[in-house]
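Proteins get letters first, then strands, A, B, ... in listed order; numbering begins at 1 in each. Keep in mind it's a predicted model, so treat the numbers as computed, not measured.
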There are 2 protein chains.
Amino acid sequence: MTRIPAAERRSALIEAALRVVSRHGIAQATTRAIVAEAGMSLASFHYAFDSRDELIDELITTVVEREQQAVIPDVVPGGDLREIIESGLHRYFEHLKADPEHEQAMLELTQYALRSPERHPLAVAQYARYAALAEQALEAAATSADATWRVPVATVARVLVAFTDGLTLTWLVDRDDDAARAVAHAAADAVSRMADAR
Amino acid sequence: MTRIPAAERRSALIEAALRVVSRHGIAQATTRAIVAEAGMSLASFHYAFDSRDELIDELITTVVEREQQAVIPDVVPGGDLREIIESGLHRYFEHLKADPEHEQAMLELTQYALRSPERHPLAVAQYARYAALAEQALEAAATSADATWRVPVATVARVLVAFTDGLTLTWLVDRDDDAARAVAHAAADAVSRMADAR
DNA sequence: CATGAAGTGGGACAGTCGACCCAGTCGACC
DNA sequence: GGTCGACTGGGTCGACTGTCCCACTTCATG
């Protein structure tokens with residue numbers, strides 16, 4: 001086997017771990033399953049990481065960072081507030097449908113982090129980041145649609161994050177695309193009513 | 001040790017398993033941890049259940065059934081639609097705060113069910129039940145507040161379920177009571193705007 | 001009181017887990 | 001070309017897992 005510097009090996013293992021968690025869940029993400037997915041020997045694992053926990057921690061931070069970029073609601077097109085929000089939700093929904101296992105893995109990793117005191121802050125940071133992103137997007141949306149939020153933007157952002165999470169979980173369970181779209185439509189409408197036209 | 005009929009032993013083991021899952025997560029709910037919690041020997045486990053999987057299945061169905069009753073939005077007091085919905089959300093939030101570990105266990109069990117094809121239907125049935133309960137409550141609320149839903153009630157119900165799930169997850173992560181209440185307030189307001197006064 | 005089924009205890013099984021060890025190999029540099 | 005440190009493969013460790021087994025006790029029934 002070709003020789004690979006430790007740094008690359010670490011990220012290769014993290015990618016492999018993410019694939020394993022996505023496919024089979026975190027419980028099945030054993031050191032052996034991960035190195036098999038990465039095509040390495042068991043020794044390489046403990047050469048690159050001190051422990052499985054260390055890899056999981058790094059996996060969580062990596063994956064959260066990536067999720068930010070994927071979910072970040074980019075350019076706000078013309079249209080009223082409702083349309084902007086709905087297109088953002090649709091964008092997320094397409095992201096979810098494109099790789100359901102990845103979002104399921106995200107949820108599992110969050111809950112995994114919730115179970116140990118040392119890892120809990122990772123989950124807190126993750127959700128704080130989501131809320132901040134949503135807040136920023138909502139402010140941009142209001143500006144673009146020439147509206148002002150009647151409710152504090154931070155609160156609207158939390159509603160949006162909570163709703164997005166719930167939408168994810170619900171869809172992962174029943175995989176009902178039409179229902180999810182209808183729900184996103186209704187939710188976008190409802191959220192947009194938290195602002196007044198200016 | 002006194003002799004206990006198998007039926008009682010099954011339910012005792014299920015209760016014990018629920019406590020273990022709540023406290024330490026489903027990954028730690030080993031046969032030994034469960035029997036220790038129940039104060040039984042390992043043999044009693046496999047006398048009452050054929051396998052650990054069988055117990056987990058029964059645990060999920062039991063716990064879903066119970067959750068229905070706990071979350072079921074009972075009597076709708078006087079007040080407008082927004083107030084009724086918000087009080088329902090508050091009621092659920094108090095339920096969540098009273099036993100956070102239980103709700104966390106519910107989420108874990110759902111995700112666990114999602115991971116195996118045989119158990120997936122359990123999760124589907126669970127969410128269908130939640131949606132039906134929400135729908136029924138929303139219809140009662142509209143009647144009480146003398147309003148009509150502009151959006152299909154089934155859709156509103158799904159919005160509510162998704163939002164509730166998301167609220168749970170968010171609060172489990174950051175334990176921010178004030179934020180959760182503000183979010184519930186805003187969400188109740190938004191959802192109530194999906195109906196027209198009659 | 002005998003008997004057989006229901007229930008119990010403790011030990012054992014094979015398999016898997018995370019972690020580790022060490023002899024060996026490779027590649028860059030002197 | 002030799003040497004040193006980075007890297008690798010394979011084997012092994014003790015702990016823990018779900019499951020099973022079997023001798024034993026208890027109790028309702030005859």
How close or far is atom [atom2] of [N] from atom [atom1] of [X], stated in whole angstroms?
X	N	atom1	atom2	answer
His24(A)	dC17(C)	NE2	P	13 Å
His46(B)	dT17(D)	NE2	C1'	10 Å
Gln28(A)	dG15(C)	CD	C1'	14 Å
Arg32(A)	dC13(D)	CZ	C1'	11 Å
Ile34(A)	dC17(C)	CD1	P	11 Å
Leu13(B)	dG7(C)	CG	C1'	13 Å
Phe49(B)	dG18(D)	CZ	P	14 Å
Leu42(A)	dG11(D)	CG	P	12 Å

Tell me which nucleotide among dG18(D), dG9(C), dG7(C) gets nearest to the side chain of Tyr47(B).
dG7(C)
From Arg23(A) atom CZ to Glu37(A) atom CD, the distance as rounded to the nearest 0.5 Å:
4.5 Å
Could you verify whether a donor N or O on one side chain and an acceptor N or O on the other, from [X] and [Y], lie under 3.5 Å apart?
X	Y	value
Tyr112(B)	Glu108(B)	no
Gln126(A)	Thr110(A)	yes
Asp165(A)	Tyr130(A)	no

So does Thr31(B) get a side-chain nitrogen or oxygen closer than 4.0 Å to the phosphate oxygens (OP1/OP2) of dG18(D)?
yes
N or O in side chain of Thr30(A) less than 4.0 angstrom from dC17(C) OP1/OP2:
yes
Provide the Watson-Crick or G-U wobble partner of [N], both distances under 3.5 Å; none if there is no partner.
N	answer
dT25(C)	dA6(D)
dT25(D)	dA6(C)
dC30(C)	dG1(D)

With respect to Arg129(A), which candidate in Glu67(A), Glu65(A), Gln68(A) satisfies the side chain to side chain contact (heavy atoms under 4.5 Å, CB included) definition?
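One option only clears the test, and that one is Gln68(A).
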Tell me if a side-chain donor or acceptor on Glu54(B) pairs with a main-chain N or O of Asp50(B) at a distance below 3.5 Å.
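It does hold such a pair.
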Taking only residues two or more places apart in sequence, or in another chain, which ones meet Ala131(A) in a side-chain contact (heavy atoms from CB on, under 4.5 Å)?
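Scan of Ala131(A) (side-chain contact (heavy atoms from CB on, under 4.5 Å), adjacent residues dropped) gives none.
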Residues within residues 50-62 of chain B bordering DNA chain D, heavy-atom distance below 4.0 Å
Ser51(B), Arg52(B)
